Amino acid sequence: MTAVALLAACAARNAPPAAPDTPEVAACNAEWTTNPERRRLMQERFASNELEIDRRIEEARMRARHDCLQRRGVVEGGGVERVRR
């Protein structure tokens, strides 16, 4: 039980800031559900280390959403990339 609490605390601390609730963000989040990289990682998740795959899925989701928002002109390129572990 303690381990679960510690993991939850770490996840909350490393969570990306919430994006504003706009139609563009909603469309990009919906686009993620059909993303080929997501499908591949989800298939891999069931056959290997779930925690590592979950981290990679979250990174891919954030990257795909940012790319989508960039294509729609909502955000500009550049900025600071998340620290990779």
Side-chain angles (χ1 to χ4, degrees):
M1 188 67 167
T2 303
V4 173
L6 289 173
L7 285 175
C10 290
R13 191 175 335 125
N14 293 329
D21 192 18
T22 65
E24 290 83 6
V25 170
C28 289
N29 288 338
E31 184 179 297
W32 167 246
T33 61
T34 61
N35 184 293
E37 185 176 9
R38 177 187 179 271
R39 287 187 188 148
R40 182 185 60 75
L41 287 168
M42 290 301 287
Q43 289 172 346
E44 189 177 326
R45 180 178 187 265
F46 296 110
S48 64
N49 182 349
E50 287 185 22
L51 291 176
E52 172 63 20
I53 299 298
D54 285 347
R55 183 188 62 76
R56 289 172 44 201
I57 289 170
E58 182 60 17
E59 286 178 357
R61 184 185 72 80
M62 294 298 292
R63 192 171 45 252
R65 185 176 77 169
H66 180 38
D67 292 348
C68 176
L69 291 172
Q70 201 171 17
R71 281 193 316 273
R72 293 170 180 265
V74 176
V75 296
E76 295 181 12
V80 179
E81 184 175 343
R82 266 181 87 185
V83 174
R84 295 183 187 188
R85 297 178 188 190

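Remember, predicted model here, so these are calculated numbers, not experimental data.
Considering only residues two or more places apart in sequence or on other chains, Arg40 meets the side-chain hydrogen bond (donor to acceptor under 3.5 Å, both in side chains) condition with Glu44.
Annotation: side chain of Arg39 is in contact with side chain of Thr34 (closest heavy-atom distance under 4.5 Å). Between Arg38 and Trp32, the closest side-chain pair of non-hydrogen atoms falls below 4.5 Å.
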Could you walk me through whether Arg61 and Glu58 pass the side-chain contact (heavy atoms from CB on, under 4.5 Å) check? CA-CA 5 Å; Arg61 184 185 72 80; Glu58 182 60 17; 2.8 Å; yes
* To do: Evaluate the criterion salt bridge (charged side-chain N to carboxylate O under 4.0 Å, His left out) for residue pair Arg55 and Glu52; output intermediate values, then yes/no.
  => CA-CA 5 Å; Arg55 183 188 62 76; Glu52 172 63 20; 2.6 Å; yes
Go through it in stages, so that I can follow the logic: the residues are Arg56 and Glu59, the test is salt bridge (charged side-chain N to carboxylate O under 4.0 Å, His left out), and I'd like the CA-CA distance, side-chain angles, deciding distance and then a yes or no. CA-CA 5 Å; Arg56 289 172 44 201; Glu59 286 178 357; over 6 Å; no
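Nearest heavy atom pair, residue Leu69 against residue Cys28, reads N-SG, 3.5 Å. Residues Leu41 and Ile57 approach most closely at CB-CG1, 3.5 Å, considering heavy atoms.
One distance of note links CZ of Arg71 with CD of Glu31; it measures 4.5 Å at 0.5 Å rounding.
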